[in-house]
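Okay, handing you the structure first.
FYI, the numbering just counts along the sequence from 1.
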Amino acid sequence: MFKKLVSFTAFFAFAVIQLSAQTATTTSPTEVKSKYDQHLLFGPLFYPTAGNEFRAASGEPGHAYWQNRADYKITASLNEEKNEITGSVVISYKNNSPQELPYIWLQLDQNLYDLQSRGQAKMPATGRSRYGDAKSTFSGGYKITAVQLVSAGKASENIPYVITDTRMQLRLAKALSARTGAVSVKIDYSYVIPEYGSDRTGILKTKNGNIYAVAQWYPRVCVFDDLQGWNTLPYLGASEFYLEYGDLEATLTVPASHIVVASGELLNAQEVLTPVQLKRYNQAKGSDSTVTIRSEAEVKDPTSRPDKATCTWKFAISNARDFAWATSKSFIWDAAKINLPSGKKCLATSVYPSESAGVKGWGRATEYTKGSIENYSKRWFEFPYPVASNVASNVGGMEYPGIVFCGYTAKTAGLFGVTDHEFGHTWFPMIVGSNERKYGWMDEGFNTFINSIASEDFNKGEYKAGKTDNHGYSRYLFGPTTEAMLNTPDVLQERNIGISLYAKPGYALTLLRDQILGQDRFDYAFKKYIRDWKFKHPSPYDFFRSIENGAGEDLAWFWRGMFLENYKLDQAISKVDYIGNDAKNGALITIENLEQLAMPVVIEFTTKSGVVERKALPVEIWQNNSSWKVRLNTTEELQKVVIDPDHSFPDINSANNTWKAN
């Protein structure tokens with residue numbers, strides 16, 4: 001999900017300028033007592049459990065790793081007058097676990113919009129929340145009309161079930177056997193689409209018709225894993241999703257005036273497109289430049305759609321963890337070819353209303369989509385789906401396999417940013433299937449990190465961000481009201497979600513890559529982590545182990561200080577002496593670690609004659625000290641000494657980083 005990154009960046013830049021303006025160099029020794037305890041940071045017992053046959057100590061899936069599977073066949077229709085989805089889903093569930101399962105838990109996420117839901121009860125009585133409104137009178141949620149066992153392709157006996165808030169338990173007459181058990185279940189349901197569904201689904205009213213961004217729209221199986229068993233945390237709004245992989249097919253009936261885009265490949269284009277649109281659609285599949293399939297002028301032309309009441313669109317996607325779609329009669333539609341490293345091709349496509357058209361607006365959305373998918377495929381892992389659809393909606397930014405919803409008012413850098421962010425989620429968590437409900441930083445933070453590199457890659461750096469002053473940034477990331485990132489999103493203060501789940505982990509990975517491991521070692525380990533856990537379910541400790549083993553470095557101090565805790569960094573120069581009181585013998589610089597976080601040290605020193613040199617020290621100097629003397633082999637007096645001259649590290653106090661000669 002996109003957290004208004006353009007506005008956030010502007011706010012942050014202003015804050016850094018204000019904070020930086022308050023800092024100054026010092027010529028006097030520091031007298032602040034250190035709070036640092038190296039035993040806390042470098043304690044040897046970091047991992048809570050040893051590796052096992054399911055999850056190896058190397059960070060790889062173990063030789064006996066397993067996960068269950070859920071395939072879906074969904075048939076649904078949209079009633080545009082009632083804004084209602086009526087559907088039927090057949091879930092084929094396979095138990096690969098080493099134990100019997102007497103019941104199955106499902107997610108009923110639309111029940112968040114029931115006025116009696118737990119999530120609704122959590123909405124603030126005053127002020128605004130992104131995830132709902134305490135004053136809402138919209139009464140949503142699923143209406144379940146049938147839950148039946150499917151045998152020999154036909155629905156048979158009813159299955160007893162219990163609904164608890166946003167979860168449903170199916171109580172099976174016969175338990176699913178360990179490792180081989182399988183069952184198919186058919187559920188008939190309906191629900192009214194919320195106009196604003198926690199910024200993840202909704203209805204945008206435009207002058208030419210509503211845009212329906214449809215998500216969390218069918219009952220989905222909860223994950224059963226080796227870490228917790230059934231993962232049944234309720235959907236409360238802030239936390240996103242944890243889902244099993246499988247193959248999904250959807251048959252969607254909508255008014256014939258509508259254009260539909262969805263996760264996966266359109267299977268019956270010849271049945272739902274006009275001959276002109278079909279020709280353009282096929283042309284786009286082979287074109288590196290954007291091809292218009294339905295123009296702005298054609299939106300109001302009745303002949304641009306088939307002359308009948310409804311059309312039924314069919315889509316399929318393989319090895320995916322979810323499915324979403326969008327539909328509207330107001331859609332302008334364009335597309336272009338995506339070139340993948342293996343030589344395969346897929347399709348980038350965008351749909352948007354007239355209000356969003358133009359070269360500064362959504363007229364470049366397909367170009368941004370194509371650029372994003374091609375870049376991440378080259379850098380990290382190849383895009384696995386046949387289409388990437390970008391939808392203009394009233395959702396600020398939300399991701400699903402093969403399709404994303406982005407704000408319809410986004411333009412230029414803002415549109416590139418939200419497009420790149422949402423499609424970046426293809427890698428985290430669509431390919432690497434972490435538990436978003438618990439560990440939001442493992443998708444949002446990882447994605448924020450890869451986005452920062454992508455902004456440099458796209459179109460020769462067209463939207464490349466300026467250099468960040470990380471001293472100023474750190475006072476934002478580690479402020480007095482911030483929280484550690486290893487918290488579930490629902491536990492965090494809403495104002496801290498952007499920091500703890502996006503900004504801080506994104507910066508931490510950049511720091512690890514650029515300053516601690518180096519780009520080659522980090523990229524090798526990071527790509528191996530993606531390959532090892534593609535379409536699987538890693539935990540935070542699997543990630544930590546994977547990077548450590550791939551890079552050959554014990555990083556427990558880094559994970560503990562930056563991820564598990566909210567430790568701060570304050571490195572200082574406390575004293576400058578000359579050996580034997582003679583500058584020709586060299587200088588001794590006394591540096592201090594004043595807060596609980598430690599980092600490597602970079603010292604830049606300038607001699608009286610203007611010679612500038614640097615000395616780098618590893619983090620290990622802080623393993624048994626809070627104070628350290630550094631010898632500089634100079635032969636003349638020093639004019640200036642600075643710790644972290646490039647402001648690369650998250651030092652919260654720049655004022656004690658500089659010494660100047662009197």
Side-chain angles (χ1 to χ4, degrees), residues 1 54-56 59-62 64-72 91 93-97 105-107 109 200 215-216 218 220-233 235 239-248 263-264 317-324 376-377 380-385 388 398-404 421-450 486 488-489 501 505 509 526-547:
M1 177 176 273
F54 305 127
R55 297 169 188 270
E60 300 165 304
Y65 175 85
W66 58 267
Q67 67 189 46
N68 291 349
R69 178 184 177 90
D71 298 323
Y72 300 84
I91 305 171
Y93 186 69
K94 175 70 165 49
N95 178 25
N96 296 314
S97 79
W105 280 102
L106 305 179
Q107 299 182 37
D109 299 302
R200 296 193 172 98
Q216 291 83 57
Y218 58 97
R220 303 179 295 180
V221 179
C222 296
V223 172
F224 182 82
D225 63 22
D226 61 295
L227 298 173
Q228 185 170 323
W230 287 106
N231 287 260
T232 57
L233 283 176
Y235 180 39
S239 291
E240 292 184 328
F241 311 104
Y242 187 32
L243 302 163
E244 294 288 17
Y245 289 93
D247 297 339
L248 299 97
S263 297
I317 189 168
S318 298
N319 208 16
R321 43 168 263 164
D322 202 0
F323 189 104
Y376 292 133
S377 295
W380 307 117
F381 188 85
E382 186 163 292
F383 184 73
Y385 302 122
M398 188 60 200
E399 70 281 355
Y400 302 96
I403 188 171
V404 302
H421 180 84
E422 301 313 331
F423 279 116
H425 276 301
T426 301
W427 284 262
F428 310 100
M430 304 305 163
I431 293 174
V432 181
S434 58
N435 185 345
E436 298 178 275
R437 182 90 17 121
K438 276 192 167 183
Y439 311 115
W441 60 272
M442 289 187 74
D443 71 294
E444 298 297 356
F446 287 23
N447 193 21
T448 300
F449 161 67
I450 66 173
L486 196 64
T488 64
L501 304 188
L509 293 181
F526 195 59
K527 284 190 279 191
K528 187 175 188 306
Y529 166 72
I530 296 172
R531 290 196 307 271
D532 287 345
W533 289 98
K534 64 182 183 297
F535 310 114
K536 296 182 177 68
H537 298 312
S539 73
Y541 288 103
D542 294 321
F543 170 69
F544 296 153
R545 291 178 187 273
S546 181
I547 297 299

#### Entry: Side-chain heavy-atom pair His425, Val404 within 4.5 angstrom cut-off
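Side-chain contact under 4.5 Å: no.
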### Query
Among Pro489, Pro540, Ser434, which one satisfies side chain to side chain contact (heavy atoms under 4.5 Å, CB included) with Trp441?
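Result for side chain to side chain contact (heavy atoms under 4.5 Å, CB included) with Trp441: Pro540.
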### Query
Sub-3.5 Å donor-acceptor pair from the side chain of Asn68 to the main-chain atoms of Ser97, do we have one?
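Yes, the answer is positive, given that a donor and an acceptor are paired below the 3.5 Å cut-off.
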#### Entry: Side-chain heavy atoms of Phe54 within contact of Leu227, under 4.5 Å
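When only atoms from C-beta onward are counted, Leu227 and Phe54 do not touch, as no gap falls below 4.5 Å.
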### Query
Does Phe428 have any ring pair (Phe, Tyr, Trp, His ring centres under 6.0 Å) partners at least two apart in sequence or in another chain, and if so, which?
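Expected list: Phe446, Phe526.
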### Message
Before we go on, tell me: are the rings of Trp533 and Tyr65 under 6.0 Å apart, centre to centre?
### Response
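Distance test on ring centres: under 6.0 Å, yes.
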### Message
Measuring centre to centre across the rings, with the benzene-like ring taken for any Trp, is Tyr376 within less than 6.0 Å of Phe423?
### Response
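So the answer is no for these two rings.
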### Message
Could you tell me if the side chain of Val432 sits less than 4.5 Å from the side chain of Pro538, heavy atoms only?
### Response
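A side-chain contact under 4.5 Å exists here.
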### Message
Closer than 3.5 angstrom, by distance alone: can the side chain of Asn231 be matched with the main-chain N or O of Gly229 as a donor-acceptor pair?
### Response
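Checked: pair present.
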### Task
Enter the distance from Asp71:CG to Asp247:CG here, rounded to the nearest 0.5 Å.
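The CG atom of Asp71 sits 5.0 Å away from the CG atom of Asp247.
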### Query
Looking only at heavy atoms, what is the nearest atom pair of Tyr385 and Ile317, with distance?
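Smallest heavy-atom distance, with atoms named: CD2-CD1, 3.4 Å.
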### Task
Kindly give the heavy-atom pair with the smallest separation between Trp230 and Cys222, and that separation in Å.
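So the minimum-distance heavy-atom pair works out to CZ3-O, 3.3 Å.
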#### Entry: Arg437 (side chain) donor-acceptor with Glu240 (main chain) under 3.5 angstrom
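Judged by distance alone, yes, a pair lies under 3.5 Å.
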### Side-chain heavy-atom pair Tyr242, Asp225 within 4.5 angstrom cut-off
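Heavy-atom side-chain distance check passes, below 4.5 Å.
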### Task
Could you grab the distance from atom NE2 of His421 to atom CD1 of Ile450, nearest 0.5 Å is fine?
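Going from NE2 on His421 over to CD1 on Ile450, the span is 9.0 Å.
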### Task
Return the minimal non-hydrogen interatomic distance between Asp322 and Ser263, and the atom names on each side.
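What the structure gives for the nearest pair is O-OG, 4.3 Å.
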### Task
Decide side-chain contact (heavy atoms from CB on, under 4.5 Å) for Leu243 and Gln107; before the verdict, give the C-alpha distance in whole Å, the side-chain angles of both, and the deciding distance to 0.1 Å.
CA-CA 9 Å; Leu243 302 163; Gln107 299 182 37; 3.8 Å; yes
### Message
Just verifying a value: how many Å separate Thr488 OG1 and Asn435 CG, rounded to the nearest 0.5 Å?
### Response
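If we round to the nearest 0.5 Å, Thr488:OG1 and Asn435:CG are 10.0 Å apart.
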#### Entry: Approximate separation, where rounding is to 0.5 Å, of Ile91 CD1 and Tyr218 OH
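Taking CD1 in Ile91 and OH in Tyr218, the distance rounds to 9.0 Å.
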### Query
Would you call Glu244-Arg220 a salt bridge at under 4.0 Å N-O?
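No salt bridge links Glu244 with Arg220.
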### Message
Assess the residue pair Ile431 and Trp380 against the criterion (side-chain contact (heavy atoms from CB on, under 4.5 Å)); give the C-alpha distance rounded to whole Å, side-chain angles, the decisive distance to 0.1 Å, and a yes or no.
### Response
CA-CA 11 Å; Ile431 293 174; Trp380 307 117; over 6 Å; no
### Query
Who passes side-chain contact (heavy atoms from CB on, under 4.5 Å) against Ser377, sequence neighbours left out?
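Residues passing side-chain contact (heavy atoms from CB on, under 4.5 Å) with Ser377: Leu340, Pro341, Ile373, Phe383, Trp427.
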### Message
Consider salt bridge (charged side-chain N to carboxylate O under 4.0 Å, His left out). Of Arg55, Lys534, Arg531, Lys528, which one does Glu60 pass it with?
### Response
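Single salt bridge (charged side-chain N to carboxylate O under 4.0 Å, His left out) partner of Glu60 among Arg55, Lys534, Arg531, Lys528: Lys528.
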### Message
Do the side chains of Lys536 and Asp226 get close enough for a salt bridge, i.e. N-O under 4.0 angstrom?
### Response
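No salt bridge links Lys536 with Asp226.
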#### Entry: Beyond-backbone contact of Met442 with Glu436, side-chain heavy atoms, under 4.5 angstrom
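Side-chain contact under 4.5 Å: no.
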### Query
What are the two closest heavy atoms between Ala70 and Val221, and how far apart are they?
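Shortest heavy-atom contact: CB-CG2, 4.1 Å.
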### Message
Test side-chain contact (heavy atoms from CB on, under 4.5 Å) on Tyr235 and Arg200; report intermediate values, then the result.
### Response
CA-CA 12 Å; Tyr235 180 39; Arg200 296 193 172 98; 3.2 Å; yes
### Task
Give, for atom OG1 of Thr426 and atom CD of Glu422, the distance between the pair rounded to the nearest 0.5 Å.
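Interatomic distance, Thr426 OG1 to Glu422 CD, rounded to 0.5 Å: 9.5 Å.
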### Query
Is any side-chain heavy atom of Phe323 closer than 4.5 Å to a side-chain heavy atom of Tyr400?
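No; the side chains remain at least 4.5 Å from each other.
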### Task
Quick one: sort the Tyr245 and Phe535 rings into parallel, tilted or perpendicular, breaks at 30° and 60°.
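Tyr245 and Phe535: perpendicular rings.
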### Query
For the side chain of Asp542 and the backbone of Ser539, is there at least one donor-acceptor N/O pair under 3.5 Å apart?
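Present.
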### Message
For a side-chain contact (heavy atoms from CB on, under 4.5 Å) check, start with the C-alpha distance between Glu399 and Asp443, then their side-chain angles and the critical distance, and finish with the verdict.
### Response
CA-CA 11 Å; Glu399 70 281 355; Asp443 71 294; 4.1 Å; yes
